[in-house]
J.: 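Got a structure here, written out as structure tokens. Questions coming.
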Amino acid sequence: MTIIASLLRAADLPDSPTARLDAELLLAAALGKSRSYLHTWPEKIVTSEDALTFAGFLQRRRGGEPVAYILGQQGFWKLDLEVAPHTLIPRPDTELLVEAALELLAATPAKVLDLGTGSGAIALALASERPAWQVTAVDRVLEAVALAERNRQRLHLTNATVLNSHWFSALQGHTYDLIISNPPYIAANDPHLVAGDVRFEPASALVAGHDGLDDLRLIIKHAPAHLNAGGRLLLEHGYDQAPAVRDLLLSEGFEDVHSRIDLGGHERITLGRRPC
């Protein structure tokens, strides 16, 4: 007989700050229970079928596969989202974009665009917090569009729309009060691309040219044509790219350009306002 406590002790995941948490999340999923159940009932007997499922999860995690992909879900903001290997895993630092957007616009009717939505994390978080906003989420990857739409439907967010578009390509003639994006911003030769969980995520959602700025340049160049007067552009970028992004915004005529600091103390997001 195998009990919960012994399975957790034997998990033997690679030593990391999240090893214990990873094991608990995987075992809870294998059992179809919550993490609190594991601590409340550590002496409960685990069926051989559930133990085999847990062993399979552990094998995948030992190979470096992110827990979010193994479980097919990830928490972001106040939402539980379905995730899949063709989209990025939503990260806590990106919640800074949501916080900034909620500060910038009142809870009155507004049109918001999320470029490169992936799982829909940013757009759906905003739609859930601001029922009066009409939020449009776009992605060029059809699988990502389908995933974001499933998340939208499951969360019953009728004020969000998910479309297939390569940045602004399908949005001619449409303007917004706020454009927000967490685009690819990693340089093609960045060593982080072959290390840790990132190597399992889609390169197309990570890499943006030799300096990581290709997609940011494109968005900043074309955003003014899709912003209402006084509208804002809000961007996530790499920890060392804020000065370059500020320069790009200023060169396209944006005003009130400034950056904000993430949980790690880095300038992680930058924003600007289209002149009135």
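Atoms considered below: every heavy atom in the structure, side chains included; atoms not considered: hydrogens, waters and symmetry mates.
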J.: Taking salt bridge (charged side-chain N to carboxylate O under 4.0 Å, His left out) as the definition, give me every residue that meets it alongside Glu252, ordered by chain and number, with sequence neighbours left out.
T.: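 Testing Glu252 for salt bridge (charged side-chain N to carboxylate O under 4.0 Å, His left out), a comparison that skips the adjacent residues, returns none.
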J.: Going by salt bridge (charged side-chain N to carboxylate O under 4.0 Å, His left out), name the residues that satisfy it together with Asp262, two or more places apart in sequence or in a different chain.
T.: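 In terms of salt bridge (charged side-chain N to carboxylate O under 4.0 Å, His left out), with neighbours along the sequence ignored, Asp262 is linked to Arg268.
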J.: Between Phe168 and His226, what is the ring plane arrangement, given parallel below 30°, perpendicular above 60°, and tilted in between?
T.: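 Geometry flag for His226 against Phe168: parallel rings.
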J.: Please report the closest heavy-atom contact between Ala148 and Val162, naming both atoms and the distance.
T.: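 That closest heavy-atom pairing would be CB-CG1, 3.9 Å.
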J.: Testing the basics here: between Ser259 and Arg246, what is the closest heavy-atom pair and its distance to 0.1 Å?
T.: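 Residues Ser259 and Arg246, closest heavy atoms: OG-NH1, 2.7 Å.
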J.: With a cut-off of 6.0 Å (strictly less than), are more than 12 heavy atoms of other residues, nucleotides or ligands near CD of Glu49?
T.: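 Incorrect, the count does not exceed 12.
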J.: Measuring only between side-chain heavy atoms, which start at C-beta, is Leu147 closer than 4.5 Å to Glu82?
T.: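 SC-SC contact between Leu147 and Glu82 confirmed.
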J.: Indicate yes or no: at least one non-hydrogen side-chain atom of Leu21 is less than 4.5 angstrom from one of Val67.
T.: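 Side chain of Leu21 against side chain of Val67, heavy atoms only: no contact under 4.5 Å found.
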J.: Side-chain contact, heavy-atom cut-off 4.5 Å: Ile219 with Pro183?
T.: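 Of all side-chain heavy-atom pairs linking Pro183 with Ile219, at least one is under 4.5 Å.
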J.: Assess, by modelled atom type and distance only, whether the side chains of Thr117 and Asp139 contain a donor and an acceptor separated by less than 3.5 Å.
T.: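 No pair is found: no donor N or O on one side chain lies under 3.5 Å from an acceptor on the other.
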J.: Any non-hydrogen side-chain atom of Ser119 less than 4.5 Å from a side-chain atom of Asn151?
T.: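 Heavy-atom side-chain distance check passes, below 4.5 Å.
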J.: Pairs under 3.5 angstrom only: tabulate donor-acceptor contacts from the side chains of residues 92-100 to other protein residues two or more places apart or in another chain.
T.:
residue: Thr94; atom: OG1; partner: Glu236; partner atom: OE1; Å: 2.8
residue: Glu95; atom: OE2; partner: Trp77; partner atom: N; Å: 2.7

J.: Listed by chain and number, what are the side-chain hydrogen bond (donor to acceptor under 3.5 Å, both in side chains) partners of Gln73, not counting sequence neighbours?
T.: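 In terms of side-chain hydrogen bond (donor to acceptor under 3.5 Å, both in side chains), with neighbours along the sequence ignored, Gln73 is linked to no residue.
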J.: If I compare all heavy atoms of Gly118 with all of Thr87, which pair ends up nearest, and what's the gap?
T.: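 Answer, listing the atom of Gly118 first, then Thr87: C-CG2, 3.8 Å.
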J.: Which residues pass the side-chain hydrogen bond (donor to acceptor under 3.5 Å, both in side chains) test with Glu103, sequence neighbours left out?
T.: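 Only Arg260 meet the side-chain hydrogen bond (donor to acceptor under 3.5 Å, both in side chains) criterion with Glu103.
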J.: According to salt bridge (charged side-chain N to carboxylate O under 4.0 Å, His left out), who are the partners of Arg154, at least two apart in sequence or on a separate chain?
T.: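 Checked Arg154 against salt bridge (charged side-chain N to carboxylate O under 4.0 Å, His left out); zero matches.
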